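Chain naming here is simple, since letters A, B, ... match the order of the sequence lines and numbering starts at 1 in each. This one's a predicted model, so the numbers in the text were calculated from it and none came from an experiment.
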Amino acid sequence: MKIPLSWLKEFVDIQLPLPELARLLTMAGLEVEAIQVVGLPMPTSADLHNAAHHEIKIEGLSWEADKIVTAAVYEVMPHPNADRLVLCRLDDGQQEHIVLTGAPNLYPYKGLGPLPEPLKVPYAKEGARIYDGHQPGQVLTTLKRARIRGVDSYSMICSEKELGISDEHEGVIILDPDAPVGIPLADYIGDAVLDIAITPNIARCASVLGVAREVAALTGQPLRQPDYSVQMDGPSIEGLASIEIQEPELNPRFVLGLAQNVTIRPSPYKVQLRLKLAGMRPIDNIVDATNYVMLETGQPLHAFDYDVLTQRAGGQSPTIITRRARSGERLTTLDDVERELDDFTVLVCDTAGALSIAGVMGGAESEVSANTRNILLEGAAWNFINIRRTVSAQKLQSEAAYRFSRGVHPAMAERGVRRCLELIRRWAGGVIAQGLIDNYPLPPRDPIVEISASDVRRWLGIDLTPQEIADLLARLEFKTEIIGQTVRAQTPDHRLDIGEGVVGMADLMEEIARIYGYERIPETRMDDELPPQRNNLELEREERIRDALVNLGLQEIATYRLTSPEREARRFPPGAAPDDLPYVQLANPIAADRYVMRHSLLSSVLEVVERNARLRPRLALFEIGPVYLASEEGLLPDEAPRLAIALSGPRAPAGWQAADSAPMDFYDLKGILESLLEDLHITGVRYEPAEHPSFHPGKCARIRVGEHALGVFGELHPLVRVNYELPETPLLAAELNVRALIALTPDRFEISAVPVFPPVLEDLAVVVDENLPADQVEAVIRQAGGKALADLRLFDVYRGEQIGAGKKSLAYSLAYQSPERTLTADEAQKIRQRIIRQLERELGAQLRS
Amino acid sequence: MLESLNQIERQALNELEATQDEDSLQRWKVAHLGRNSPLMRVFDQLGALPKEERPTIGRRANEVKRALETAFEGRSQALIQAAVQRSLQAERLDVTLPGRPIARGRLHPNTQTLRRIYRIFGDMGFQVFRSREVETDEYNFELLNIPAHHPARDMWDTFYTTTPGVILRTHTSPGQIHVMRQYAPEPIRVILPGMCYRYEQVSARKDTQFNQVEGLAVGRNITFGDLKGTLTDFARRMFGENVRTRFRASHFPFTEPSAEMDIECFICGGAGCSVCGGSGWLEILGSGMVHPVVLRNGGYDPQIYSGFAFGMGPERITMLKHRIEDIRHLWMNDLRFLEQF
Ligand SMILES: [Zn+2]
């Protein structure tokens, strides 16, 4: 919301420097996002310093008091050598000048001789700093003496663009006829515009009056209420129009006024200027009057051409009817769009049909035109929820809808109509009919809220007396009454944001805190009862997994959780059975390739591998995050946490010394997983050969612990690898179920005693069938070795001629140990023999000599 | 005889001077202290000497032997020292060559910041409570005092799913209702971290997906002053002991009163810089006293209980601390970026 300072000052005295005013408003919740200086002096650095530490952008142009002044043009003369230029005989209050200009809006006066009434204009003298009208954007320039087509030129009549008012450079500004001559222009129309962000709760501040009320409350100055009196000299409005409200819930009030014999013309320049500074386009005096009052009071208004309505009523006095649209009903709005309306949309109609979408936009037929003579002025109140619904359904915004969809108090309807009628009378002439037609079936309740000193203590942590509370609220026009320790506050009839009971109490807390000043509320530490303390085991263990993987040299990544089934399909080889589980799917995606919540974390991680493959030869990545498994029946998906890992590239990072540059393989990944599970103290882990479409069929395993399947890992299937832009090196990947990892992580674990007696160490190599899984050999050794086998480690796997085809040799180092004594060579030999015998018997293994 | 011993000593010591390595030293030892050395022969001949000369010569011979042994030890040590010195000289490394590269793991910066937040609030008695990302409209909006079609809904651009009433949560605030309903009427101090989603054009400052950390304290005696104190304590631990905070009035439908907390820019110390846009202040979080309707929806009587809530963007904190210009870096996973953390 753009608020011109001059307008604000009509309602409240402001002594504060601009930056301090901006800071005060910002701290009170009316965030001043920028200040645009239009002519007034720029704030001094001292002003800025005093309001220091405040986020505010101050831009714009100051008009030098001695160089940019008001002036009068007495005659517009043709240029001797140029058709498109004119020479103006001008008085700047000190002397006469001949000023050259090419402004088309002065052509009509060319060659008329001395004008009966001089034109008042802004005049920039030699040396004035203004914006260059001929360059795009705002480029400062200094007026210099020049000779243009044989005529001396050293000064200028200014356009709005040159003065930083707007982009308008088609003509020069023609000020109102009553403008004084020879005073600094800044003193006459200089201004500064505060751009204020209006949050939904302060809809009442979407007006000059609303902001002025806040300024008054914050600075302790009185608010000057607008004058709502109207000079009504016309006939009585009785019988000239009537109102029928069908849905008071949606339209609690409707007010009509009538202006007769108006003359449509442009508004006074000062009015146009204010509208422009507030961000609206001047149209004509009638439309401008409605917009002016809307900006000033926050009450949107609508002007109908009364004669069109009469005509539509067959010459009778018109009846305004407000009702819901019939399903399928259509209306062409002012923006020339034919709209199909919903059955919740409220229409303003007459007996002949719809005139406008209530509170949002008028229809084309009954709008004010250049020939309009009589104006029927509407000021109404609408249910804000319903207006917002209409705005979003029709995707139709307007200044009126902006305000109505946030809530305008019905009391404002009459005030707005009165204020507007008086402005129409002043700006468009004619007479105002006596009285208003006011249909007000549903006045709002304006809650009376009780708030006590102890409530304030309990909620805000400050001690205020009932009198102090009442005084703070009174500054915002609450009517207050003190009863013992309690203040009864009556909500003023310009706001709809105060609730009833305890909700209203909280609403008043905010008002009390804002006006009292958040800064003055002391910082305290909670001395309330501490809640029961609980562990969050799930989070702790998840973080433990992260730490374990980081310790194992992996980089954590974080990816987008929105994807597309197409992106995720890349994790399967062509022709594989598709993932046909239901997705959580967006109804309004932003990107075509991100419209479902992912099913596969592996897929996310593979995309990151792809992105980095050309940057880094060696990748070791992991992510922990959910996948979203929509269920057919339940409303909400299972958000199942997963762990995905990807490895590729040389085993050791390359340096200047020799390093293990062999590509990482299945066993590198398995080593990481084993270490992770060890770190979590998960025991009883089994690795089984597995089939999974993403993985190489011979290099893929499933991890199991008891009944839990922890996940799969392996080398990426070559037909999957080609779905991604990846180098030729093998890519190892895993996707694990984090819930299972968390469930299997024990709360506690026990350690075995550190041995006191030295172990007997020996190696044992056995030859077995090639396809015998190594874990079976190990299981037999452990079983045969029993308690005495303290350690078992595979250190070599050999295949070759020496042992024959279809065989492999597994070499283990073993440690035998007793907690009670040092084992003798004899005892060790017995254990060894037991192991060998069992291996032979159960697995047909041969001792390799 | 005495003269001969003096002669033996002189010569041996002279020759010892000439030894340069372990070999020549050992040869010297054999020659001068060995069984056949002149000195040992003197000892052999002692018995043949006249009785009165024996003590003198014997004493002198022992003196020479000790002298030679001591000299040998000294020389031996000196040679060892010299040899060590020589080999140390030969083994000089270029200490400026880089170390052997380690495949180091790292936590994502998001995790690092989240953990820091958990830690700070954990110390203040706030526990972590997590809830779902795919939420109902009821929990994300209605129970938080944001009814359907209410203009406050314009504050959140929402991703809707194809299931009516199911959305991607736009903030972690639905967790407030979940945690209150789980623990009412116990007092509550929790933080609620998690991923949120907004239907917004992606830019350097905003992304469709972002982490948020919500906080909630509910009890019988919790005030706006406590809110200010707790969050200022947080800011000091997160951004620096002397950092100043500022609370500005703001609006959130689920708090009343509501406040934005700014901190004094820790990069320029408040003087104004490009990071704070010259203002000297950085917006860090939104907060407020829990709205009575929200307390009631959570199962707490607002006439008895009060509380405060706040929400912050850890990504923004990460960006500020490390001068990250574009939020998308945090989701792009470019290793050239991640490896700097
Ligand atoms: Zn700064």
Side-chain angles (χ1 to χ4, degrees), chain A residues 26-29 53 55 199-201 385 388-389 405-406 458-461 502-503 506-507 509-510 513-514 518 521-526 528-532 534 536 539 546 550 553-558 560-561 584-588 590 608 612 615-616 620 628 635-637 639 653 655 657, chain B residues 100-101 103-108 110-111 125 127-128 132-134 149-152 159-163 166 186-189 199 208-209 217 219-226 228-230 232 247-251 256-257 259 270 279-281 289 291-293 302-303 306 331 333 335-336 338:
Chain A
T26 298
M27 296 303 287
H53 304 309
E55 199 156 331
T199 51
N201 62 323
I385 298 277
R388 185 182 176 278
R389 250 183 117 182
S405 67
R406 284 162 178 75
R458 180 171 81 88
W459 210 262
L460 300 180
V502 67
V503 172
D507 291 331
M509 285 300 171
E510 177 158 279
R514 275 187 335 109
Y518 281 20
I521 298 175
E523 288 168 7
T524 50
R525 289 199 178 86
M526 287 184 276
D528 202 52
E529 181 193 345
L530 199 65
R534 299 181 175 90
N536 186 332
L539 178 68
R546 286 197 173 90
V550 166
L554 274 69
Q555 167 72 54
E556 190 191 13
I557 59 171
Y560 290 111
R561 298 174 180 186
V584 173
Q585 189 171 337
L586 296 185
N588 57 336
I590 276 189
V608 174
N612 285 286
L615 299 172
R616 292 285 183 272
Y628 305 82
L635 194 62
L636 298 170
E639 299 177 7
Q657 290 161 300
Chain B
R100 209 178 284 273
R104 184 160 80 82
R106 291 170 200 81
L107 289 170
H108 191 280
N110 288 353
T111 307
Q127 293 151 36
V128 177
R132 56 172 39 264
E133 295 169 26
V134 182
H149 306 298
H150 195 276
F159 277 121
Y160 299 93
T161 73
T162 49
T163 308
V166 175
E186 286 177 5
I188 288 178
R189 277 179 216 183
Y199 176 79
T208 50
Q209 167 180 317
R220 286 167 182 266
N221 180 29
I222 289 178
T223 68
F224 191 81
D226 294 339
K228 285 185 70 179
T230 304
T232 298
F247 291 81
R248 274 186 289 120
S250 186
H251 172 66
E256 192 87 78
S279 70
W281 290 99
M289 297 302 289
H291 196 284
V293 167
Q303 300 281 12
S306 58
W331 305 110
N333 299 295
L335 288 172
R336 295 169 297 185
L338 292 179

If I measure from the heavy atoms of chain A, does [X] come under 4.5 Å with its side chain, its backbone, both, or neither?
X: B:Arg132; value: both
X: B:Gln127; value: side chain
X: B:Leu335; value: both
X: B:Val128; value: both
X: B:Thr208; value: side chain
X: B:Asn110; value: side chain
X: B:Gln303; value: both
X: B:Ser306; value: both

Using modelled atom types only, decide if a donor and an acceptor are shared between the side chain of [X] and the backbone of [Y] within a distance under 3.5 Å.
X: A:Glu556; Y: B:Leu107; answer: no
X: B:Gln209; Y: A:Arg561; answer: yes
X: B:Glu256; Y: A:Val503; answer: no

Quick check on [X] against chain B: is it the side chain, the backbone, both or neither that has a heavy atom closer than 4.5 Å?
X: A:Val584; value: side chain
X: A:Asn201; value: both
X: A:Pro522; value: backbone
X: A:Leu635; value: both
X: A:Ala620; value: neither
X: A:Arg458; value: both
X: A:Val502; value: both
X: A:Arg616; value: side chain
X: A:Asn536; value: side chain

[Y] and [X], any side-chain heavy atoms less than 4.5 Å apart:
X: B:Ser250; Y: A:Tyr518; result: no
X: B:His108; Y: B:Asn333; result: yes
X: B:Arg189; Y: A:Asp528; result: yes
X: B:Pro187; Y: B:Ile222; result: no

Most heavy-atom pairs under 4.5 angstrom with chain B, which of [options]?
options: A:Leu539, A:Thr524, A:Leu530, A:Leu615; result: A:Thr524
options: A:Ala28, A:Pro532, A:Ala513, A:Gly655; result: A:Pro532
options: A:Leu554, A:Ile557, A:Leu636, A:Ile385; result: A:Leu636
options: A:Glu639, A:Arg514, A:Arg546; result: A:Glu639
options: A:Val608, A:Thr199, A:Ile590; result: A:Ile590

Who among [options] has the most heavy-atom pairs with chain A under 4.5 Å?
options: B:Val166, B:Thr163, B:Leu338; value: B:Leu338
options: B:Met289, B:Glu133, B:Arg100; value: B:Glu133
options: B:His291, B:Arg220, B:Arg104, B:Arg336; value: B:Arg336
options: B:Ala249, B:Ala103, B:Ala259, B:Pro302; value: B:Ala249

Handout entry: Nearest non-hydrogen partners of A:Asn588 and B:Tyr199, listed with the distance
Key =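 Shortest heavy-atom separation between A:Asn588 and B:Tyr199 comes out as O-CE1, 3.0 Å.
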Handout entry: B:Ile188 versus A:Pro531, closest heavy-atom pair with distance
Key =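 Scanning both residues completely, I find the closest heavy atoms to be C-CG, 3.7 Å.
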Problem - Gap between atom CG of B:Asp226 and atom CD1 of A:Ile521 - 0.5 Å precision - result: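 The CD1 atom of A:Ile521 sits 11.5 Å away from the CG atom of B:Asp226.
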Exercise for the section: Nearest 0.5 Å please: distance from the CG atom of A:Leu586 over to the OG1 atom of B:Thr161. Expected result: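 So the gap between those two atoms works out to 7.5 Å.
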Exercise for the section: For B:His150, enumerate each residue passing the ring pair (Phe, Tyr, Trp, His ring centres under 6.0 Å) test, keeping only those at least two apart in sequence or located in another chain. Expected result: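 With sequence neighbours excluded, B:His150 shows a ring pair (Phe, Tyr, Trp, His ring centres under 6.0 Å) to A:Phe384, given in chain and number order.
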Problem - Pairing residues for B:Phe247 by the ring pair (Phe, Tyr, Trp, His ring centres under 6.0 Å) criterion, not counting sequence neighbours - result: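 B:Phe247 satisfies ring pair (Phe, Tyr, Trp, His ring centres under 6.0 Å) with no residue once adjacent residues are dropped.
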